[in-house]
Amino acid sequence: MEFANEILLFLFMTAIVAGCVDALAGGGGLITIPAMLMCGMPPVAAIATNKVGGVGGTLSASLHFIKTGDIKLNEIKWMMLTTFLGAFFGGMVLTMVDSDFLSLIVPFLLIGFSLYFLFSPNLGEVDQEKKISPYAYTLVVATAIGFYDGFFGPGTGSFFAISLVFLLGFNLVKATAQTKILNFCSNLAALLYFIYEGSIVWDVGLLMFVGQVIGGKIGAKLVLSKGKQLIKLVMIVVAIGISTKMLFLS
């Protein structure tokens with residue numbers, strides 16, 4: 001596929017915005033995939049190409065958080081592995097069964113989570129007591145959310161952030177930082193699958209990779225400078241936006 005320079009510039013700017021939003025709350029694909037569809041890209045190609053940009057945005061944000069010390073790779077390495085394996089397996093299962101049933105369930109989960117955040121003003125302000133052990137989270141929750149990202153995808157960043165706050169007691173800034181490296185792992189697993197499948201439009205994908213790297217770095221800086229209230233606001237807006245799109249605009 002070939003695109004005019006004006007369309008490529010539009011997609012590049014869209015990727016910057018998506019990378020910034022994704023670093024704050026996840027849901028960057030809610031911006032980039034409709035933009036690619038609007039420019040005439042087939043749905044499968046748009047979903048596959050989006051993973052190239054998604055890897056760029058989450059990698060950029062993750063590197064920033066590693067540099068600032070908000071991500072310690074040695075503490076999260078096994079969680080990264082189970083997320084990657086879950087996502088890769090989810091991508092494989094996607095080719096065997098229909099994922100449409102999740103489009104009926106996920107919007108209501110996201111709306112429920114956003115309302116919970118909205119009416120729990122102190123949630124995620126400081127670290128809280130763990131409800132499950134990190135080992136249980138690594139083996140069960142991280143694997144399951146990784147599988148979900150490979151199998152379906154919308155709202156993955158929100159699911160990671162909310163589960164880290166609620167189950168492991170992380171404050172919202174810490175949860176957002178960990179979410180980026182875990183989402184990078186699930187994006188990478190899905191990207192490897194799509195490379196094998198051959199659905200990626202590489203000129204658009206690489207351009208959006210650069211755009212989301214820029215946006216991811218901007219968003220990561222906003223997380224640390226503006227803190228929990230901005231993350232919470234963007235997370236609620238993104239969760240409701242994803243739910244609305246899935247329920248009414250699909």
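Since the model is a prediction, treat every value here as computed from it, not as a measurement. Index from 1, following the sequence.
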Looking at Val201, is its backbone amide N or carbonyl O close enough to the side chain of Thr49 to form a donor-acceptor pair, meaning the two atoms are under 3.5 Å apart?
yes
Is the side chain of Ser60 donor-acceptor paired with the backbone N or O of Val213 at a distance under 3.5 Å, no angle test?
yes
Within the structure provided, determine whether Ile200 and Leu191 are in side-chain contact (heavy-atom separation under 4.5 Å).
yes
Any non-hydrogen side-chain atom of Ile71 less than 4.5 Å from a side-chain atom of Leu73?
yes
pair Val52-Met208: side-chain heavy atoms closer than 4.5 Å
no
Without swapping roles, check the side chain of Ser199 against the backbone of Ile195 for a donor-acceptor pair under 3.5 Å.
no
Check: Leu182 and Ile76 side chains under 4.5 Å, non-hydrogen atoms
yes
Against Phe147, only a single residue in Phe88, Phe84, Phe89 fulfils ring-ring contact (aromatic ring centres under 6.0 Å, His included); can you say which?
Phe89
Donor-acceptor contact present, side-chain Thr179 to main-chain Ala161, <3.5 Å
yes
Judged by atom type as modelled, is there a donor-acceptor pair below 3.5 Å linking the side chain of Asp22 to the main-chain atoms of Ala18?
no
Establish, yes or no, whether the cationic atom of Lys180 lies under 6.0 Å from the six-membered ring centre of Phe65 and within 45° of the ring axis.
no
Non-hydrogen side-chain atoms of Ile214 and Phe12 separated by less than 4.5 Å
yes
Output yes when a side-chain donor or acceptor of Gln178 lies under 3.5 Å from a complementary backbone atom of Asp70, and no otherwise.
yes
So Tyr193 and Tyr196, would you call those rings parallel, tilted or perpendicular, with 30° and 60° as cut-offs?
tilted
Can you find a pair of side-chain heavy atoms, one from Phe159 and one from Asp149, that are under 4.5 Å apart?
no
With the side chain counted from C-beta on, respond yes when Met36 and Asn50 share a heavy-atom pair under 4.5 Å apart, and no when they do not.
yes
Kindly indicate whether the side chain of Cys20, heavy atoms from C-beta on, has any atom under 4.5 Å from the side chain of Leu222.
yes
